[in-house]
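Before any comments, here is the structure.
As the structure lists them, so they are numbered: ligands from 1, and atoms in each ligand from 1. Because only heavy atoms are used, hydrogens play no part in the values below, and waters and symmetry mates are left out as well, while side chains stay in.
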Amino acid sequence: VNITGFHNILDIAAEHNLRLFVPSTIGAFGPTSPRNPTPDLCIQRPRTIYGVSKVHAELMGEYYHYKYGLDFRCLRYPGIISADSQPGGGTTDYAVQIFHDAIKSSKFQCNLKPDTRLPMMYIDDCLKATLDVMEAPTTSLSMRTYNISAMSFSPEELVQEIKKHIPEFQVTYNVDPVRQAIADSWPMKFDDSNARRDWGWKHDMDLSELVTTMLNAIGSDSRVAQTN
Ligand SMILES: NC(=O)C1=CN([C@@H]2O[C@H](COP(=O)(O)OP(=O)(O)OC[C@H]3O[C@@H](n4cnc5c(N)ncnc54)[C@H](O)[C@@H]3O)[C@@H](O)[C@H]2O)C=CC1
Ligand SMILES: CC(=O)[C@H](N)C(=O)O
């Protein structure tokens, strides 16, 4: 999807003079990238095929832009958190599963170390940034691939915020060495100053409001399910 399928998309977009958006990720960086903060432009040697495919997408999109004039736009998303979809097994998805388990049982087993800091963002901010960059005037874009950021937190910080709502909430840590190694190679904090300067990016939701929003959304879904 990120490589062969993407080549097809590039050719179709160039042929039909389309404006093309491609999501990249914090995973497009690796252990030799600066991590705190990680700027837009720095070394990118990810050690996952996911990250390699995303760097490929960023570079191919920018090649088509400079070579063929394709209006390619790309955002590096942090871990995206929403109540609308089940976690898909990603390295940041502990930060989605934790809310479901907190509501269901007030217990959660975390697969990352308590101090593993990663950039995160609520889905509404992700969608806002995507629409904003797609509607930005071309003349405002000094780059074609931008970091965007909202918050960075660790599992222990997230747990403390959830405990403000569910004091009995209990967490145990059963670290998954594969996901921990990936997380330890990713940015801890994003520098998104270029996006904020060029096209006015600004996030709306911080950690405290994220926890309130997610617990309310999943809590109400759970009550509806019980009623049904
Ligand atoms: N969820 C996250 O935290 C982050 C996501 N991203 C990127 O955002 C994009 C979307 O991610 P998610 O929504 O989390 O993924 P997801 O796995 O939840 O959704 C992917 C969707 O694409 C569909 N799909 C798969 N193959 C397809 C194909 N050949 N043709 C058409 N549709 C196809 C799937 O049915 C699914 O609905 C991905 O490129 C991912 O790398 C980047 C950073 C963070
Ligand atoms: C941050 C990502 O790109 C992905 N969702 C993951 O958590 O692995």
Side-chain angles (χ1 to χ4, degrees), residues 1-13 18 20-31 33 35 37-38 40 44-61 72-100 110-113 116-134 144-155 158 175-190 192 195 201 203 205 207 210 213-214 217:
V1 173
N2 278 320
I3 298 179
T4 312
F6 180 55
H7 289 175
N8 298 335
I9 295 291
L10 282 171
D11 288 335
I12 291 167
L18 303 181
L20 176 64
F21 176 77
V22 176
S24 186
T25 163
I26 53 176
F29 297 97
S33 308
R35 297 185 66 210
T38 302
D40 282 305
Q44 289 178 259
R45 287 291 187 279
R47 297 272 172 83
T48 64
I49 185 57
Y50 176 57
V52 168
S53 71
K54 290 297 191 180
V55 173
H56 164 270
E58 293 177 11
L59 296 178
M60 284 298 290
F72 167 78
R73 303 182 186 202
C74 177
L75 295 179
R76 298 190 185 107
Y77 290 164
I80 303 304
I81 298 171
S82 85
D84 308 327
S85 59
Q86 289 300 316
T91 306
T92 62
D93 282 349
Y94 85 88
V96 178
Q97 189 61 52
I98 192 169
F99 291 104
H100 293 277
C110 187
N111 61 15
L112 293 180
K113 290 176 185 170
T116 306
R117 181 173 300 282
L118 289 166
M120 300 281 186
M121 181 179 288
Y122 185 58
I123 183 70
D124 287 3
D125 271 332
C126 174
L127 298 175
K128 182 180 91 165
T130 305
L131 291 172
D132 286 355
V133 76
M134 287 301 273
R144 288 289 157 168
T145 304
Y146 288 89
N147 293 346
I148 53 168
S149 177
M151 60 192 103
S152 285
F153 55 75
S154 62
L158 181 55
V175 176
D176 169 358
V178 172
R179 281 187 179 80
Q180 189 63 50
I182 292 172
D184 290 343
S185 74
W186 282 3
M188 297 169 73
K189 186 176 186 314
F190 250 178
D192 62 357
W201 163 238
H203 71 282
M205 192 173 282
L207 178 58
L210 171 79
T213 302
M214 286 292 285

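- Remark: ligand 2 atoms within the under-4.0 Å shell around heavy atoms of T25 are 1 (C), 2 (C), 3 (O).
- Of the possible polar contacts, none joining the R73 side chain to the Y146 backbone as a donor-acceptor pair under 3.5 Å is found.
- Using a 4.0 Å cut-off between a side-chain N of Lys or Arg and a carboxylate O of Asp or Glu, R76 and D192 do not qualify as a salt bridge.
- Using a 4.5 Å cut-off on side-chain heavy atoms (C-beta onward), L158 and L207 make contact.
- Nearest non-hydrogen protein atom to atom 29 (N) of ligand 1 is V1 CG2, 4.2 Å.
- Contact between K54 and ligand 1 is present, with at least one heavy atom of the residue lying under 4.0 Å from the ligand.
- The protein non-hydrogen atom at the shortest distance from atom 6 (C) of ligand 2 is T91 N, 3.3 Å.
- Heavy-atom proximity to Y50, at under 4.0 Å, picks out these atoms of ligand 2: 2 (C), 3 (O), 4 (C).
- In this structure a side-chain-to-backbone donor-acceptor pair under 3.5 Å is present from D93 to G88.
- Ring geometry for H56 versus H7: interplanar angle of 30 to 60°, hence tilted.
- When each atom of ligand 1 is checked for a heavy atom of T25 under 4.0 Å away, the hits are 42 (C), 43 (C).
- Under the salt bridge (Lys or Arg N to Asp or Glu O under 4.0 Å) criterion, R144 pairs with D71, sequence neighbours left out.
- The protein does not reach atom 10 (C) of ligand 1 closely, with no heavy atom under 4.0 angstrom from it.
- Taking every non-hydrogen atom of G90 and a distance limit under 4.0 Å, the qualifying atoms of ligand 2 come out as 6 (C), 7 (O), 8 (O).
- Using a 4.5 Å heavy-atom threshold, the side chains of F153 and L210 count as touching.
- Atom 44 (C) of ligand 1 lies below 4.0 Å from at least one non-hydrogen atom of the protein.
- Residue-ligand proximity: G79 is placed with a non-hydrogen atom under 4.0 Å from ligand 1.
- Put simply, atom 15 (O) of ligand 1 has no protein non-hydrogen atoms near it, under 4.0 Å away.
- Atoms of ligand 1 found under 4.0 Å from any heavy atom of S24 (numbered from 1 in listed order, with element): 42 (C), 43 (C).
- Between M121 and I148 there is a side-chain heavy-atom pair separated by less than 4.5 Å.
- W201 is listed as a side-chain neighbour of D125, based on a closest heavy-atom distance under 4.5 Å.
- The shortest distance between side-chain heavy atoms of V22 and I9 does not fall below 4.5 Å.
- When distances from atom 27 (C) of ligand 1 to the protein are checked, no heavy atom turns up under 4.0 Å.
- An N or O contact shorter than 3.5 Å is missing between W186 and ligand 2 by distance.
- Scanning the protein for heavy atoms near atom 1 (N) of ligand 1, the closest one is I80 CB, 4.0 Å.
- Within ligand 1, the atoms closer than 4.0 Å to a non-hydrogen atom of Y50 are 6 (N), 40 (C), 41 (O), 42 (C), 43 (C), numbered from 1 in the order shown.
- The side-chain heavy atoms of Y122 and M214, taken from C-beta on, include a pair separated by under 4.5 Å.
- At a 4.0 Å heavy-atom cut-off, ligand 2 touches T92 through backbone and side chain alike.
- Between D93 and ligand 1, a contact under 3.5 Å exists for no N or O pair.
- Between T213 and D124 there is no side-chain heavy-atom pair separated by less than 4.5 Å.
- Proximity of atom 19 (O) of ligand 1 to the protein is not indicated, since no non-hydrogen protein atom lies closer than 4.0 angstrom.
- The atoms of ligand 1 that sit less than 4.0 Å from any heavy atom of P23 are 8 (O), 9 (C), 39 (O).
- Using 4.0 Å as the threshold, G27 has no heavy atom nearer than that to any atom of ligand 1.
- For atom 24 (N) of ligand 1, no protein heavy-atom neighbour is found at a distance under 4.0 Å.
- Checking side-chain atoms of K54 against main-chain N and O of F29 turns up no donor-acceptor pair under 3.5 Å.
- Put simply, atom 32 (N) of ligand 1 has no protein non-hydrogen atoms near it, under 4.0 Å away.
- Within 4.0 Å of atom 40 (C) of ligand 1, at least one protein heavy atom is present.
- For E58 and S24, the side-chain atoms include at least one donor-acceptor pair closer than 3.5 Å.
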